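Values in this document were obtained by computation on a predicted structure and should not be read as measured data. Labels below follow one simple rule: chain letters A, B, ... track the order of the sequence lines, proteins then strands, and each chain is numbered from 1.
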Number of protein chains: 2
Amino acid sequence: MVETARRREIEDVASTLFRERGYAGTSVRDIARAMDIQGASLYAHVASKQDVLRAIVERMASRFEHAADDALKAIDSPDGEATPTARLAALTRAHVEVVTDDLGRATVFVHEWRSLEPDLRARMSKRRDTYERRFRTVIADGVDSGEFATVDPAAAAAFILTALNGLVAWYRPDGRLEPAAIAELFTDLAVRAAVGTDELGR
Amino acid sequence: MVETARRREIEDVASTLFRERGYAGTSVRDIARAMDIQGASLYAHVASKQDVLRAIVERMASRFEHAADDALKAIDSPDGEATPTARLAALTRAHVEVVTDDLGRATVFVHEWRSLEPDLRARMSKRRDTYERRFRTVIADGVDSGEFATVDPAAAAAFILTALNGLVAWYRPDGRLEPAAIAELFTDLAVRAAVGTDELGR
DNA sequence: CCTACCGATCGGTAGG
DNA sequence: CCTACCGATCGGTAGG
């Protein structure tokens, strides 16, 4: 299946429906109806319903990965890496920007990847873990450098990343907060969380 | 439908399956098969598949609400409320404890409430918002008292609460971290996040 | 992209 | 809790 405009449109429509009703709760005919064509006609463009989910999830995985790459590249200098604080902030901002820029696909990526067939699901699970490891590593680096005092980098990374992903549940393009404002707020919240317990005096 | 042991068992089994495959992705026969009875036999105990989801979600909503009530009651003194820091920590710990104590139902509560029929879904949405408001209010109180410097209590509350709910995606009863350890780590992360930007010097 | 159609499965009911 | 069954809908194919 080649990527065509029509195929991309199917992905867009499916993202919205999967987001609202889930993958299993959305029928091929639901997708077709939203495009004013017959259910069977979809199969001129896609191999299967699963194929549509796969395309959405893989596209988003790539977007998140590239956004993280670019964000770090932009702040690391040729001589060495930026500080862990700056790097965690960059990763956070990049993640929020992708979510707010493509809310439909991002929601499917976050919530519906479990509906992938076993092989793909396993591969995507590894890919997600590799992505999360970037957060873990940056936090662990910050602990080593003394910038962060977090007791457990893995737990902190999971806490932060799921908070960022939770954005898909409450972000509204017409809501009170602009994407840029959310990116700033979340960057501060994430960095603050990572700083840890030492200065808290409890 | 009265609450019987068998009915409770259906809820348990359904929670596990809904957690793994989602509400729409789980058939009535899947639930029955896991109990070694026929699909139709389930209807001697429940009115409908939706009825099972409703029971799970409402039970968990009550548990989260009561846990928050009890947690605050335990630290507020008769003369006045505890500090916002202590109250936020108490709410966080209570939430984590409920999630780790009933992971199956908690996951369904977090992920599958969208599959409730419109009326129930709307009421549950309000109930969830009321619960989230407790976090918002405590954070706003902390900003007023000067303990927290968070710029936006609503965003901070959403960040923290979705991070806590994200626990359903990665907590494993046989995992590295005990519930009590997670509760401590998450309490610190949440309180730290709320402290805000002022001391960060960026 | 359509019409016509397939077997399988869905949630649920009747009647015991 | 079972057998037998219902109409509706599912993902997908054939053939144009």
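Comparing atom distances between the A:Ser27 side chain and each of C:dC1, C:dG12, D:dG11 picks out D:dG11 as nearest. Here the nucleotide nearest the side chain of A:Arg6, chosen from D:dG12, D:dC1, C:dC1, is C:dC1. You'll find that the side chain of B:Ile37 is closest to D:dC1, out of C:dC2, D:dC1, D:dA4. The side chain of B:Arg29 lies closest to C:dC10 when the candidates are D:dC1, C:dC2, C:dC10. Of all nucleotides listed (D:dG11, D:dT3, D:dC2), D:dC2 comes nearest to the side chain of B:Ser41.
If you measure from atom NE2 of B:His45 to atom P of D:dC1, you get 4 Å, rounded to the nearest angstrom. Rounding to whole angstrom units, NZ of residue B:Lys49 and C1' of D:dA8 are separated by 15 Å. Atom P of nucleotide D:dG15 and atom CD of A:Gln38 are separated by 20 Å, given to the nearest angstrom. Remark: P of C:dG11 and CD1 of B:Ile31 are 8 Å apart, rounded to the nearest angstrom. Rounded to whole angstrom, the span from the OH atom of A:Tyr23 across to the P atom of D:dC10 amounts to 13 Å. One can place CD of B:Gln50 at 17 Å from P of C:dC10, the figure rounded to the nearest angstrom. Separating the CG atom of A:Asp30 from the C1' atom of D:dG12 is a distance of 16 Å, rounded to the nearest angstrom. Following rounding to the nearest Å, B:Leu53 (CG) and C:dG12 (P) show an atom-to-atom distance of 12 Å.
Taking the six-membered ring where tryptophan is involved, the planes of B:Tyr23 and B:Phe18 are perpendicular, since the angle between them exceeds 60° and thus also 30°. Between B:His95 and B:Tyr131, the two ring planes are tilted [angle within 30° to 60°].
Side chains of B:Thr26 and B:Arg19: a donor-acceptor N/O pair is absent below 3.5 angstrom, by distance only. A:Ser15 and A:Arg59 share no side-chain donor-acceptor pair at under 3.5 Å.
Ionic pairing of A:Arg114 and B:Glu20 is not present here: no N-O contact between side-chain nitrogen and carboxylate oxygen is shorter than 4.0 angstrom.
As the counterpart of C:dG15, D:dC2 is assigned, both hydrogen-bonding distances of the Watson-Crick or G-U wobble pattern falling under 3.5 Å.
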